[in-house]
Amino acid sequence: MINKKIKTTLAFIFILALFSYGAYGIKSEKVSIEKDNKISLSINAKPIDIKDKYLINGKLYVPVRDIFELIGDVVWNQENKHVALTTYKDFEECNYKKGEYFVYGLITKVDYDKKTISIEQHFDDNSREVISPLVLKDDIVIILKRNDKMMNLDIKDLKCGDCIGAVLDKDDNIRGIIITF
């Protein structure tokens, strides 16, 4: 009987020691997390706006989506758990069912204040004649394409002599321009 009590007590002490060793054997590291939106960020001396900024153990962390959106266009595919990043913001293809159409031409005049351009139109079998000046939408996307490289431009980058392809909406306003070389 004593033998059984000793064996039970020793087994209990062994199990207790085993669990105690596991608890004391794990190193715990103190993590310091601080949200600090007073930190300012810039790229090429231009301020950038990222809402959430965290200092974790003295290192700055920001949401990767915010950084990706500064670089270009971000698309999340939930099914494949995949983030696709393009280094330029693209626009949807011309949707003829919505009354949109595509025109080609050479820019002959740019009015930056009124956000309009005039073009010398180039025609093909699918062309529809447009009357200049053409209004540039406020959210227009302008893409410069050379070989396999693409980048976004601003309205102020449009110049007379640029050869463009443009998507116009049903109201004859330009929502997207591609400039190719």
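What you see below is based on every heavy atom in this structure, not just the backbone, and it leaves out hydrogens, waters and symmetry mates. These numbers come from a predicted model, not from an experiment.
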Joint cluster assignment, V110 & L106, ILVMFWY side-chain distance < 4.5 Å: no

Gap separating the CD atom of Q121 from the CG atom of D124, nearest 0.5 angstrom: 9.0 Å

Contact list for residues 111-134, test ring pair (Phe, Tyr, Trp, His ring centres under 6.0 Å), sequence neighbours left out: none

More than 12 heavy atoms of other groups within 6.0 Å of K53 NZ: yes

Neighbour count above 12 (heavy atom, 6.0 Å) for N77 CG: yes

OG1-CG distance between T87 and L85, expressed to the nearest 0.5 angstrom: 7.0 Å

I155 and I142, any side-chain heavy atoms less than 4.5 Å apart: yes

Sub-4.5 Å side-chain heavy-atom contact between I174 and D169: no

Rounded distance (nearest 0.5 Å) linking atom CE of M151 with atom OH of Y88: 13.0 Å

Criterion side chain to side chain contact (heavy atoms under 4.5 Å, CB included) on R65 and V83, from CA distance to verdict: CA-CA 9 Å; R65 181 176 192 97; V83 176; over 6 Å; no

Note, I33 side chain near N57 side chain (heavy atom, < 4.5 Å): no

Side chain to side chain donor-acceptor pair (under 3.5 Å) pairs, two or more places apart, involving residues 91-101: E100-R175, Y101-D172

Residue pairs passing the side chain to side chain donor-acceptor pair (under 3.5 Å) test where at least one lies in residues 139-159, sequence neighbours excluded: none

Contact check, side chains of F91 and V167, non-hydrogen atoms, under 4.5 Å: yes

C94 to F102 - nearest heavy-atom pair and separation: SG-N, 3.8 Å

From CD1 (I179) to CD1 (I107), nearest 0.5 Å: 5.5 Å

Separation between CD of E120 and SG of C163, rounded to the nearest 0.5 Å: 10.0 Å

Side chain N80, main chain H82, donor-acceptor under 3.5 Å: no

Distance in Å, I56 CD1 paired with E34 CD, rounded so as to fall on 0.5 Å steps: 11.0 Å

Non-hydrogen side-chain atoms of L136 and L134 separated by less than 4.5 Å: no

Step-by-step side chain to side chain contact (heavy atoms under 4.5 Å, CB included) determination, L153 to I143: CA-CA 6 Å; L153 298 178; I143 300 172; over 6 Å; no

N-O pairing of K51 and D66 below 4.0 Å: no

V141 vs I177, side chain to side chain contact (heavy atoms under 4.5 Å, CB included): CA-CA, chis, key distance, verdict: CA-CA 6 Å; V141 175; I177 291 177; over 6 Å; no

Derivation and outcome, side chain to side chain contact (heavy atoms under 4.5 Å, CB included), residues N173 and L168: CA-CA 5 Å; N173 297 319; L168 284 78; over 6 Å; no

Check: K35 and D52 side chains under 4.5 Å, non-hydrogen atoms: yes

Minimum-distance pair of heavy atoms, taken over all atoms of S132 and I119: OG-N, 3.1 Å

Where I140 and G176 come nearest, the two heavy atoms and their spacing: CG1-N, 4.0 Å

